2 protein chains.
Amino acid sequence: MTGSTITLDEKPMSSHAILARVLNRSHQHDSLVGTIAEQVGRDIIAGRLAPGADLNSVELSHQFDTSRTPVREALMLLEKEGLVEIPPRRRPRVARLSIGEVREIYQVRAHLYGLVAELIVANASDEAINSLRPHLQAMQTAARAGDLDAYFWPNVAFQDTETAICGNAVVRRILDSLMLRMLQLRHLSLSQPGRLQESLVDHERLLRAYYERDVALAIALKRGIVLRGLAAIERSGWTGATPRSESGSQDDPATAEWPGDEGT
Amino acid sequence: MTGSTITLDEKPMSSHAILARVLNRSHQHDSLVGTIAEQVGRDIIAGRLAPGADLNSVELSHQFDTSRTPVREALMLLEKEGLVEIPPRRRPRVARLSIGEVREIYQVRAHLYGLVAELIVANASDEAINSLRPHLQAMQTAARAGDLDAYFWPNVAFQDTETAICGNAVVRRILDSLMLRMLQLRHLSLSQPGRLQESLVDHERLLRAYYERDVALAIALKRGIVLRGLAAIERSGWTGATPRSESGSQDDPATAEWPGDEGT
DNA sequence: CCACAAACAAGTGTCGACACAAACCCGTAT
DNA sequence: ATACGGGTTTGTGTCGACACTTGTTTGTGG
């Protein structure tokens, strides 16, 4: 197995909506390029396209029955979100994450979520904070059942709602983009033993801190949530390298696409 | 007077290099799209293209003697950097900043520069910190002469070097992008009375804090530098609206390009 | 004289084609 | 058998063309 495969198509209501929002920020939803970007982006995030997999525009244009122009645009859009690498004059590839880059991203996420928490405490109305509760409740029931997949998306939605109600669109945009690249990792992170329960109690405490307008506590909790996520990833031994083929150097093209490995 | 026009072409050594680096992150430098993006981006930042000005691809393709394809790519690149707005099926326009968005950006910048300061204190070698000194010295001489334009670019270079030596490429990327959109505003900010001297002493203290590895002080100073920049902008009365033509609604197309108003 | 509608002009999104670069394949020489 | 070099194939970057949409001007009626 490839570590952890996100079940994207099983729960389309929340996941699809979130991904579409993040990806289709600039282009209209029904646009051709938007459709392509969404589909390919989903395939990347769900792990159906392995890091390093070739994404040449002619094959994709055949696949989507269009010309190469919208495909190229879609790939550029995904590159901007960090999901795709487009070296000049070379075939686009699914972006590959290194453990170092993951640490950097989590560092930034920790700080920016601190800002989000601060803003929520300072500006968000009680009703806005209330909109976090349903997600937390879904997380609670899922955690009690020990169901990782049922926990994952409410958790994502919780954080998405936080960035929404903090009132700062710029930080939301940045965190959205970083979220996209970290989705698989966060799934892996939550799959670590004990992680689910830990995450839950953190979020419960966090919501209380929001209600009680406790700035310092909210910031500390929020940062802690992010950093404990990173710690879980480190604990998991994830490195970003392709499992097999540890043939010395790191820039080997890797196996183009996962062989098989569907389902849960 | 359009407020403050940045003299971009006067000091090409540093400014061009920085802008090229930020804009040409993904594409090779000599590429057609890179050239176009760089040129148009410079025109926007320098204020030669007013916010709201039309950027239709056919005119630009004539201007650069190419087809529309690379022009469109360049505009998408600039849109990703926040300098251009491309509404679907509508002409691309130079992005217009609202005071609210500026506040949001400065909030994010303040927090992320706090992270940068923290990382510099924690990780940067003394030699790396030394590389900040020449820029500070240029700022000192410029401040003594009261020369805003001579102060501006070393100041930008100082902050650019900070993000470079902090060791976190992700935060650097984000701050680069935000810097691009704020360049004109920072120029305006520094043009406020007393601002230049204030900024200088802050940076002098900051560099000492870096050397002495004083985390808390460095973070506080760095944040303060950013936030005082915002305060100066607010003090200047800048709103983002086009000076004349306050004809009720805010989404009027505005005068396409500045009439005249060249030079200092 | 102004409001409204129909023709017109201008611009975007998409397409297929082509030149050149990169990846791949295969034969050759060591 | 393996490493190198030329030829072939695949794919990118760019181009001009075309349909459809948007914005503008003109013509008509109130």
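Letters A, B, ... are given to chains in the order of the sequence lines, protein chains preceding strands, and every chain is numbered from 1. From a predicted model like this one, the values you see are computed outputs, not experimental measurements.
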Would you mind reading off the distance between A:H62 atom NE2 and D:dT12 atom P, rounded to a whole angstrom?
-> 12 Å
Could you give the CG-to-C1' distance, from A:L60 to C:dC15, as a whole number of Å?
-> 17 Å
Pick out which of A:E73, A:R72, A:R68 makes a side chain to side chain donor-acceptor pair (under 3.5 Å) with A:S57.
-> A:R68
Could you work out which one of C:dT14, D:dG13, D:dC15 sits closest to the side chain of A:R68?
-> D:dG13
Please check if the side chain of B:E104 supplies one atom and the backbone of A:A169 the other of a donor-acceptor pair under 3.5 Å.
-> yes
Look at the side chain of B:N56 and decide which nucleotide, out of C:dT14, D:dT14, C:dT12, has an atom nearest to it.
-> C:dT12
Below 4.0 angstrom, N of the basic side chain to O of the carboxylate: do A:E101 and A:R181 qualify?
-> yes
Side-chain N or O of A:S67 closer than 4.0 Å to phosphate OP1/OP2 of C:dT14 = no
Please enumerate all protein N or O atoms sitting under 3.5 Å from an N or O of nucleotides 22-24 of chain C, with distances to 0.1 Å.
| unit_1 | atom_1 | unit_2 | atom_2 | d |
| --- | --- | --- | --- | --- |
| C:dA23 | OP1 | A:R90 | NE | 3.1 |

Are A:R109 and A:Y106 in a cation-pi setup, meaning NZ or CZ lies under 6.0 angstrom from the ring centre and within 45 degrees of the ring axis?
-> yes
Passes side-chain contact (heavy atoms from CB on, under 4.5 Å), A:V22 versus A:L19? Steps please.
-> CA-CA 5 Å; A:V22 175; A:L19 293 182; 5.8 Å; no
A:S57 side chain near D:dT12 phosphate (N/O to OP1/OP2, under 4.0 Å) | yes
Inspect the contact between A:R90 and A:E85 and indicate whether a charged nitrogen and a carboxylate oxygen are less than 4.0 angstrom apart.
-> no
Which comes earlier along DNA chain C counting from the 5' end, the contact point of A:D65 or that of B:L55, where each point is its nearest nucleotide?
-> B:L55
